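Inspection log for the structure reproduced underneath, given as structure tokens.
Owing to the predicted nature of the structure, the values given are computational and were not obtained by experimental measurement.
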Amino acid sequence: RLRMTGREDRFPLWLLEALTDRLLTLLSHACEAPDTPVGDLTLVDDTHRVRLLAHGQGATLHPRAEGTLAARFAEVAAATPDAVAVQTGVDGLTYWALDIRSNRTAHALTALLPTPPTVGDRVALLFERSAEAVITMVALAKLGLAYVPLRPGDPVDRWTSLIAEAGAVAVLGHHRLLDVLPDTLPVPRFAVDAPGSLTGHQDTPVTREVTPDAAAYVMFTSGSTGTPKGVSVPHRAVMRLACGGGPHAIGPEDVMAHGASPAFDSSTWEVWGTLLGGGTLLVISHADVLDPTKLAETLREHGATTMFL
């Protein structure tokens with residue numbers, strides 16, 4: 001008779017169950033063939049072996065998620081409007097509020113541009129990690145526009161170079177960062193955190209024909225070995241990352257610590273994996289990320305369950 005215990009406060013239940021299954025398979029094989037060298041004992045049963053081999057040849061272990069970011073977000077917001085979507089310090093933004101504010105941001109951007117934007121147009125983002133950044137990303141997904149995140153700490157010349165390289169039709173961000181851009185920049189800019197920036201704009205749903213193959217964002221490499229190169233990522237790819245299931249799926253009970261730069265690709269999983277899974281995105285300030293003691297306090301205070309390292 002075998003009894004096993006596990007520390008669910010330190011390890012996810014799926015991992016404890018998987019380790020238990022492997023051990024039982026190993027012991028069963030050892031009992032059936034006691035003369036077998038330990039190195040030849042199997043850790044996986046036949047069914048699981050077939051699944052692993054199929055996965056290695058391109059098969060998926062979980063159904064592939066389809067659709068667009070906006071459509072999936074609308075489902076989550078409608079199902080759990082009062083759940084906290086974004087947490088920043090003591091302030092929490094519910095899914096209902098995120099939905100409303102992203103609608104206003106989308107309408108404000110549309111009004112800012114001299115001509116209506118086309119699905120697939122690119123908009124540069126110049127934000128610190130913040131609720132405003134997340135609201136804007138959702139707004140652009142609803143419009144079918146691809147966001148191009150810029151690193152706040154980069155030189156201004158790099159910002160202007162990437163804005164031009166991406167062919168951005170506008171730049172959205174925090175006013176203190178936008179104020180640094182040169183007046184000669186030939187695209188409109190919009191500070192979403194400026195007083196009254198969203199006043200007078202509708203909060204009605206945004207209706208646009210967006211397909212899963214439309215670009216969701218464009219992210220540039222660091223350029224450390226040459227010229228930065230932009231990679232366009234479609235809604236379909238982000239959906240499969242965020243909603244593909246598996247042990248790393250984010251659910252309503254999860255609190256994701258958002259510590260990555262919006263211009264770093266892990267932020268895709270942090271932001272969209274959380275919002276499309278119904279969890280809470282805990283925005284970690286730049287100062288807290290650099291202070292281990294404060295970071296630990298913030299994670300404990302808000303009950304963070306997941307963090308990308």
Side-chain angles (χ1 to χ4, degrees), residues 60 62 64-77 85-88 93 95 98 102 105 120 122-154 162 166 168 172-173 210-222 228-251 254-284 286 289 304-309:
T60 57
H62 303 278
R64 286 185 172 177
E66 298 293 343
T68 65
L69 304 181
R72 174 57 184 163
F73 174 79
E75 294 175 358
V76 175
V86 183
Q87 182 74 45
T88 55
L93 193 68
Y95 275 90
L98 176 55
S102 60
T105 302
R122 298 163 182 177
V123 175
L125 302 186
L126 195 46
F127 288 96
E128 298 283 0
R129 280 185 302 276
S130 59
E132 292 89 359
V134 177
I135 292 166
T136 303
M137 292 164 68
V138 175
L140 294 177
K142 291 179 176 183
L143 288 170
L145 305 182
Y147 61 87
V148 184
L150 306 176
R151 291 181 179 85
D154 282 349
L162 296 186
L172 276 64
V210 182
T211 69
D213 291 322
Y217 66 89
V218 175
M219 198 163 287
F220 281 85
T221 61
S222 65
K229 300 173 180 63
V231 178
S232 178
V233 181
H235 284 244
R236 186 189 308 279
V238 182
M239 284 289 293
R240 290 179 179 176
L241 171 69
C243 307
H248 304 301
I250 306 300
D254 285 308
V255 176
M256 167 70 79
H258 177 29
S261 163
F264 184 51
D265 57 1
S266 66
S267 66
T268 305
W269 179 60
E270 289 181 352
V271 173
W272 292 113
T274 303
L275 297 183
L276 303 188
T280 297
L281 185 68
L282 173 62
V283 179
I284 309 295
H286 182 67
V289 167
T305 62
T306 310
M307 186 175 186
F308 185 93
L309 297 175

Exercise. Any idea which heavy atoms bring P152 and F127 closest together, and the distance?
Worked result: CG-O, 3.0 Å

Exercise. Who are the side-chain hydrogen bond (donor to acceptor under 3.5 Å, both in side chains) partners of H235, not counting sequence neighbours?
Worked result: none

Exercise. Are any non-hydrogen side-chain atoms of T136 and L125 less than 4.5 angstrom apart?
Worked result: yes

Problem set entry | Non-neighbouring partners of D154 that pass salt bridge (Lys or Arg N to Asp or Glu O under 4.0 Å), sequence neighbours left out | R158

Problem set entry | With sequence neighbours excluded, residues passing salt bridge (Lys or Arg N to Asp or Glu O under 4.0 Å) with R72 | E75

For this session: Just jot down the side-chain contact (heavy atoms from CB on, under 4.5 Å) partners of P234, sequence neighbours excluded, or say none.
Result: A237

Seminar exercise, completed: Heavy-atom nearest pair, P262 first then R129, reads CD-CG, 4.1 Å

For this session: State which residues pass side-chain contact (heavy atoms from CB on, under 4.5 Å) with I284; sequence neighbours excluded, sorted by chain then number.
Result: A257, L282, D288, V289, L295, T298, L299

For this session: Only counting residues at least two apart or in another chain, list the ones meeting side-chain contact (heavy atoms from CB on, under 4.5 Å) with T274.
Result: I250, M256, L281

Exercise. Who pairs with E128 by side-chain hydrogen bond (donor to acceptor under 3.5 Å, both in side chains), at least two apart in sequence or on another chain?
Worked result: R176

For this session: Please check if the side chain of T305 supplies one atom and the backbone of V255 the other of a donor-acceptor pair under 3.5 Å.
Result: yes

Exercise. Are any non-hydrogen side-chain atoms of M239 and T68 less than 4.5 angstrom apart?
Worked result: no

Exercise. Do you know the tightest heavy-atom contact between V218 and P149?
Worked result: O-CD, 3.3 Å

For this session: Please report the shortest heavy-atom distance between V238 and A216, naming the atom on each side.
Result: CG2-CB, 4.2 Å

Problem set entry | Contact summary for V283 and S130, nearest pair of heavy atoms | CG1-N, 3.7 Å

Problem set entry | From CA spacing to verdict: side-chain contact (heavy atoms from CB on, under 4.5 Å), V148, L162 | CA-CA 9 Å; V148 184; L162 296 186; 5.6 Å; no

Problem set entry | Those residues that, when tested against S222, pass side-chain hydrogen bond (donor to acceptor under 3.5 Å, both in side chains) (two or more places apart) | S224

Exercise. Roughly how far apart are E132 CD and L93 CG, rounded to 0.5 Å?
Worked result: 9.5 Å

For this session: Show your working on side-chain contact (heavy atoms from CB on, under 4.5 Å) between F220 and L150 and close with a plain yes or no.
Result: CA-CA 9 Å; F220 281 85; L150 306 176; 5.9 Å; no

For this session: Would you mind listing every side-chain hydrogen bond (donor to acceptor under 3.5 Å, both in side chains) that reaches into residues 137-152, with sequence neighbours excluded?
Result: D99-K142, S102-K142, N103-K142, Y147-W272

Exercise. Are any non-hydrogen side-chain atoms of L172 and V123 less than 4.5 angstrom apart?
Worked result: yes

Problem set entry | Any L98 side-chain heavy atom under 4.5 Å of I135 side chain | yes

Exercise. Which atom names give the shortest non-hydrogen contact between D254 and A249, and what distance separates them?
Worked result: OD2-O, 4.0 Å

Exercise. Quick one: side-chain contact (heavy atoms from CB on, under 4.5 Å) partners of A74, sequence neighbours excluded?
Worked result: none

Problem set entry | Those residues that, when tested against S267, pass side-chain hydrogen bond (donor to acceptor under 3.5 Å, both in side chains) (two or more places apart) | none

Exercise. Measuring from S261:OG to E270:CD, what's the distance to the nearest 0.5 Å?
Worked result: 10.0 Å

Exercise. Going from CE on M219 to CZ on F264, what distance comes out if it is rounded to the nearest 0.5 angstrom?
Worked result: 9.0 Å

Exercise. Does any non-hydrogen side-chain atom of L276 lie less than 4.5 Å from one of F73?
Worked result: yes

Exercise. Does the side chain of R240 reach to within under 4.5 Å of the side chain of E66, using non-hydrogen atoms?
Worked result: yes

Problem set entry | Pairs involving residues 259-268, ordered by first then second residue, that meet salt bridge (charged side-chain N to carboxylate O under 4.0 Å, His left out) (sequence neighbours left out) | none

